[in-house]
Amino acid sequence: MKRAIIIGATSGIGREVARALAKRGVVVGVAGRRAERLVELQAEFGEERVHIAEMDVTRDDATERLDALISKVGAPDLLLYASGIGKQNPELDPAIELNTVATNSVGMVRLVVHFLGYVKRSSEYDAKHKAHVAVISSVAGTKGMGSAPAYSATKSMQSTYLSALAQYVRMYDVPAQFSDIRPGFVATEILNPEKRYPMLMTPAAATRHILRGLKRRRRVIIFDWRFKLIVLLWRLIPRCLWERLTIVKN
Ligand SMILES: NC(=O)c1ccc[n+]([C@@H]2O[C@H](COP(=O)([O-])OP(=O)(O)OC[C@H]3O[C@@H](n4cnc5c(N)ncnc54)[C@H](OP(=O)(O)O)[C@@H]3O)[C@@H](O)[C@H]2O)c1
């Protein structure tokens with residue numbers, strides 16, 4: 001990998017992946033709303049290695065900002081969509097639900113579809129050198145979760161959307177491939193600092209799993225093995241029973 005763009009690289013997993021790639025000599029384009037965090041990343045690795053774009057994925061102009069970033073970085077081998085928000089929503093506050101949909105679902109579609117348009121037009125990609133598009137969804141997309149309805153539903157949507165796109169690019173000969181990254185709990189700002197989370201992983205450990213999975217071009221990357229097992233078991237629970245499980249609050 002020579003060039004990568006990471007949307008949502010100002011904190012957490014996206015930032016850690018961006019730093020790991022930059023350390024390995026990859027030219028990285030990073031985007032997010034917090035400009036000062038982007039500048040910090042650039043200062044750490046230098047202007048040749050890290051290019052920045054202030055971007056709010058919920059706004060229409062995010063696509064122009066992606067174009068500007070691509071023109072600085074060059075055609076990326078990898079586009080990683082790491083932007084995401086997620087809150088428990090016991091009051092079912094509509095603002096939380098709608099913002100979550102706007103960031104996780106609409107933002108992802110906006111940027112991934114725009115990028116695929118670029119891939120179709122660009123002479124940089126072909127059957128031997130496909131653009132790699134990865135999205136950080138979550139194991140939370142496995143089932144609808146009453147504690148965070150929009151979060152779990154948008155994560156499920158991301159996974160289904162990637163599956164649809166994986167079929168789409170084969171139907172229409174678009175030189176792109178996809179990875180759906182589904183972490184368990186990772187210690188980042190998205191988690192509630194007042195809560196305790198089981199099987200919590202550091203962003204550095206999550207990044208190792210992600211980079212290994214991306215290198216192997218895995219379509220679905222779930223980590224770690226305990227969450228793989230949990231996902232398998234979750235899937236076995238019939239809907240009529242799942243919807244009665246009111247104790248799952250994380
Ligand atoms: N941490 C976990 O336990 C966990 C588990 C499973 C899945 N995930 C997923 O991993 C992804 C990354 O989250 P994280 O854990 O690394 O949390 P994080 O530290 O809160 O990072 C979230 C990133 O999303 C960006 N973002 C949020 N809203 C945005 C917007 N409107 N426009 C552009 N960027 C936006 C943030 O940047 P700005 O605020 O600067 O814009 C930040 O860079 C999310 O999709 C999350 O659902 C996390």
Side-chain angles (χ1 to χ4, degrees), residues 5-20 28-41 52-66 69 79-88 95-96 98-112 134-143 145 147-148 150-159 161-162 179-193 195-207 209-210 213 220-224 226-228 230-231 250:
I5 288 185
I6 301 173
I7 317 284
T10 52
S11 63
I13 305 172
R15 179 171 178 274
E16 205 60 33
V17 172
R19 292 184 71 246
V28 185
V30 291
R33 291 168 303 179
R34 286 169 289 180
E36 70 288 354
R37 300 266 188 116
L38 299 171
V39 171
E40 259 173 43
L41 264 181
I52 62 178
E54 202 176 325
M55 180 192 293
D56 182 341
V57 298
T58 66
R59 292 173 51 126
D60 286 341
D61 70 358
T63 52
E64 286 160 35
R65 289 166 189 255
L66 175 61
L69 197 52
L79 177 89
L80 172 65
Y81 189 84
S83 287
I85 55 171
K87 279 201 174 113
Q88 296 200 344
I96 291 179
L98 293 170
N99 265 334
T100 307
V101 172
T103 308
N104 300 359
S105 294
V106 180
M108 176 200 67
V109 172
R110 173 179 285 119
L111 288 152
V112 168
V135 173
I136 306 185
S137 65
S138 172
V139 295
T142 310
K143 292 265 189 198
M145 302 182 106
S147 55
Y151 185 70
S152 58
T154 55
K155 293 295 156 182
S156 170
M157 182 273 179
Q158 290 182 323
S159 295
Y161 198 69
L162 289 181
S179 290
D180 177 357
I181 301 165
R182 301 181 195 167
F185 290 120
V186 183
T188 69
E189 293 172 19
I190 207 170
L191 298 184
N192 182 344
K195 287 204 162 207
R196 288 167 67 90
Y197 295 87
M199 297 173 277
L200 188 64
M201 193 178 273
T202 63
T207 296
H209 283 281
I210 290 170
V220 177
I221 303 167
I222 304 178
F223 52 88
D224 57 9
R226 293 166 296 183
F227 275 100
K228 270 188 195 152
I230 287 170
V231 164
N250 255 335

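Whatever order the structure lists ligands and atoms in, that order sets their numbers, starting from 1. Throughout, numbering of the chain's residues begins at 1 and tracks the sequence.
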With hydrogens left out, which residues have an atom under 4.0 Å from ligand 1, given that only heavy atoms count? Gly8, Ala9, Thr10, Ser11, Gly12, Ile13, Gly32, Arg33, Arg34, Met55, Asp56, Val57, Thr58, Ala82, Ser83, Gly84, Ile85, Thr103, Ile136, Ser137, Ser138, Tyr151, Lys155, Pro183, Gly184, Phe185, Val186, Thr188, Glu189, Ile190, Leu191
Can you tell me if NZ on Lys87 sees more than 12 non-hydrogen neighbours from other groups inside 6.0 Å? no
So do Arg182 and Thr142 actually touch side chain to side chain, heavy atoms under 4.5 Å? no
Side-chain heavy atoms of Ile136 within contact of Leu80, under 4.5 Å: yes
With a 3.5 Å cut-off and sequence neighbours excluded, list the donor-acceptor pairs that the side chains of residues 6-15 form with protein atoms.
from: Thr10; atom 1: OG1; to: Arg34; atom 2: NH2; distance (Å): 3.4
from: Ser11; atom 1: OG; to: Arg34; atom 2: NH2; distance (Å): 3.0

So how far is it from Leu162 CG to Met157 CE, rounded to the nearest 0.5 Å? 9.0 Å
Which pair of non-hydrogen atoms, one from Ser105 and one from Thr154, has the smallest distance, and what is that distance? OG-CG2, 3.2 Å
